[in-house]
There are 2 protein chains.
Amino acid sequence: MKIKSGFPRPLCSVDVVIFALINSKLCVLLTKRPLSPNEPFRGKWALVGGFVDKNLDQDIKSTAIRKLKEKTNVDTPYLEQLGSWGSATRDPRDWSVTIAFYALLPKTLATKDKNGTNENVKWAVIQGSSIHEELAFDHMEIFKSALKRLRSKVEYTSLPAYLLDEKFTLSELQKTFEIIVGRKLEKSAFRTRINSVNLVTPIEEYRTGSNRPAQLYVLSKKSEPLYFKRTLKPVTDE
Amino acid sequence: MKIKSGFPRPLCSVDVVIFALINSKLCVLLTKRPLSPNEPFRGKWALVGGFVDKNLDQDIKSTAIRKLKEKTNVDTPYLEQLGSWGSATRDPRDWSVTIAFYALLPKTLATKDKNGTNENVKWAVIQGSSIHEELAFDHMEIFKSALKRLRSKVEYTSLPAYLLDEKFTLSELQKTFEIIVGRKLEKSAFRTRINSVNLVTPIEEYRTGSNRPAQLYVLSKKSEPLYFKRTLKPVTDE
DNA sequence: AGAATAGTGTCTTTAAGACAATATGGC
DNA sequence: GCCATATTGTCTTAAAGACACTATTCT
């Protein structure tokens, strides 16, 4: 079955940077590296990931979905390819290439079962642009790249909507955007912006509390994120 | 030297979508697939690329630079990672992963030597969103993805500047932008836009012709592309 | 002078930002 | 009524678009 390829092949893996909001904080899912001898970075925290399995996986996205499902039991969250990292030194075992993805999990799915039950998986709170844990391989670089991509895309797309549950109010949506960009947004401008694209659809339901009830919405189309016409705040040069 | 990896490894290659302006037309560099038996897509046109060489290449970007240099003799053009394609079926030989890059060559370097001398390399003219040649593997998809990325980035970055030679006039820069976006741009708005970021620096030279001489400029910094505050034209929803 | 392209100025339009005003439920 | 949050409106600001006008060199 082994075909003469002409070149010795590098290792090939897929990693997934999984984001979710836990207690109104942006978090990333980490797994503990196995303790077996021969394994690099034994017992260290790492991103969710693993080798491409030529028998199980039809393509690299399948590998990402498989790994995601293994650790979170979530099937189809927002999943986007981030980029690839490959070098002679990133894995002590051999020349190694990893294709990185990032995923956004809705609140309830993120905290469903899995957690508490599994000591080898945890949500790390993101503070500023980092987490307290050290990460195996070049996973810190990959994580930071994913965070940067997410933060950048918040400025001009509807990405944060994927972090909410099915029904949400505009205030909740705004709060989610604010958590990601890390600053307060103007209510009025935010609403105009959201309404300028076909992102949300009001439903016949309201969220009640100790104040005026708020209109509940669902995402109009769950598929692709929408692009706004301008960024939230002018990009600073230099 | 072969280490127990636990998993049979996929093939791992790098492809580079190389763009340049030839005779004021956006073009992409193609190479002819080898004719030897055992080779897939014999004699078909393909993107520039090849397998990662664990001995020669320190990382995947090195592979891209090596392949670029082999075919164009250009050392350091604008080079950006585009994404990865990997599946069981994209290469008849085996499960295969390719990491795609795209590069922008300045005019004179693109047409330097190499061409005419080598029957196995040619510039394909891009018309609309495609080229006339059929391409090997999934290279058409990769090419289209690169073109889409380039076109998208023109709307809010200074990318086209990398397609020009060292010295250029604002009109030439505008024309380059227009070729990529595929529509005419307003001269006044374009100039305001360019001047709003520190993209170009005037030099003590002028381009003369049968009309008023034009101020020549050079790129202020050759490193990263700059981001404008808005896209050129509102993105259409739907 | 006339052609041709370079470069500038003025007005309009679009969408974001600031801030205020009004709306509506629970208590 | 009062509080708290929802929702809307009005004015300002920043940058793109339309269009016209001026500038400079060559023939």
Side-chain angles (χ1 to χ4, degrees), chain A residues 24 154-158 160 164 167-178 181-217 226-237, chain B residues 24 152-158 160 164 167-178 181-217 226-237:
Chain A
S24 296
V154 174
E155 302 284 340
Y156 59 95
T157 74
S158 62
L164 287 167
K167 302 169 182 178
F168 52 85
T169 68
L170 285 189
S171 295
E172 289 164 356
L173 182 61
Q174 180 174 347
K175 194 161 184 202
T176 304
F177 271 77
E178 289 173 343
V181 297
R183 65 177 188 272
K184 283 279 174 189
L185 299 176
E186 276 306 312
K187 195 169 32 173
S188 175
F190 180 78
R191 282 161 186 250
T192 313
R193 188 176 168 88
I194 295 300
N195 286 325
S196 77
V197 295
N198 181 25
L199 178 62
V200 297
T201 311
I203 57 177
E204 277 297 323
E205 255 180 278
Y206 295 83
R207 173 142 305 158
T208 60
S210 63
N211 46 27
R212 174 173 174 179
Q215 176 72 56
L216 278 169
Y217 294 82
L226 294 163
Y227 288 72
F228 298 110
K229 312 202 174 182
R230 301 191 194 166
T231 57
L232 272 176
K233 196 179 165 183
V235 181
T236 55
D237 315 356
Chain B
S24 296
S152 152
K153 281 213 163 184
V154 174
E155 301 284 340
Y156 59 95
T157 74
S158 61
L164 287 168
K167 302 169 183 180
F168 52 85
T169 69
L170 285 189
S171 295
E172 288 163 359
L173 182 60
Q174 179 175 347
K175 194 157 185 207
T176 304
F177 272 76
E178 289 173 343
V181 296
R183 64 177 188 272
K184 283 279 175 190
L185 300 176
E186 276 306 314
K187 191 170 39 168
S188 173
F190 180 78
R191 283 159 186 250
T192 312
R193 190 176 166 88
I194 295 299
N195 286 324
S196 77
V197 295
N198 181 24
L199 178 62
V200 297
T201 310
I203 57 177
E204 277 298 322
E205 255 180 276
Y206 294 83
R207 174 142 305 158
T208 61
S210 64
N211 47 24
R212 174 173 171 178
Q215 176 71 56
L216 279 168
Y217 294 82
L226 293 164
Y227 288 71
F228 298 109
K229 314 203 172 181
R230 300 190 195 165
T231 56
L232 271 176
K233 193 178 164 184
V235 180
T236 55
D237 316 357

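Below, read A as the first sequence line, B as the second, and so on, with proteins coming before strands; counting in each chain starts at 1.
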Neighbour count >12 (heavy atoms, 6.0 Å) for atom NZ, A:K175: no
Nearest-Å distance, [atom1] ([X]) to [atom2] ([N])?
X: B:K184; N: C:dT5; atom1: NZ; atom2: C1'; result: 12 Å
X: A:Y206; N: D:dA4; atom1: OH; atom2: P; result: 24 Å
X: B:N195; N: D:dA16; atom1: CG; atom2: P; result: 11 Å
X: A:Y156; N: C:dA16; atom1: OH; atom2: C1'; result: 18 Å
X: A:R212; N: D:dT8; atom1: CZ; atom2: P; result: 7 Å
X: B:Y227; N: D:dA15; atom1: OH; atom2: P; result: 18 Å
X: A:E155; N: C:dA16; atom1: CD; atom2: P; result: 12 Å
X: B:L185; N: D:dC19; atom1: CG; atom2: P; result: 15 Å

Pairwise 5' ranking along DNA chain D for B:R193 and B:G209, keeping only the more 5' one: B:R193
Contact nearer the 5' end of DNA chain D, comparing A:R191 with A:S210: A:S210
Consider the side chain of [X], meaning its heavy atoms from C-beta on, and name the nucleotide among [options] that approaches it most closely.
X: B:Q215; options: D:dT7, D:dT24, C:dG7; answer: C:dG7
X: A:E186; options: D:dT25, C:dA18, D:dA16; answer: C:dA18
X: A:K187; options: D:dT7, C:dT8, C:dG25; answer: D:dT7
X: B:S171; options: D:dT24, C:dT24, C:dA6; answer: C:dA6

Separation between OG of A:S158 and CZ of A:R193, rounded to the nearest 0.5 Å: 10.0 Å
Atom pair OG/CZ of A:S196 and A:R191 - distance to nearest 0.5 Å: 14.0 Å
Salt bridge (Lys or Arg N to Asp or Glu O under 4.0 Å) partners for B:R207, two or more places apart: B:E172
Non-hydrogen atoms of A:L199 and A:L226 that approach each other most closely: CA-CD1, 3.5 Å
5′-ward residue of the pair A:N211/B:E172 relative to DNA chain C: B:E172
Heavy-atom donor-acceptor pair, A:S188 side-chain to D:dG9 base, under 3.5 Å: yes
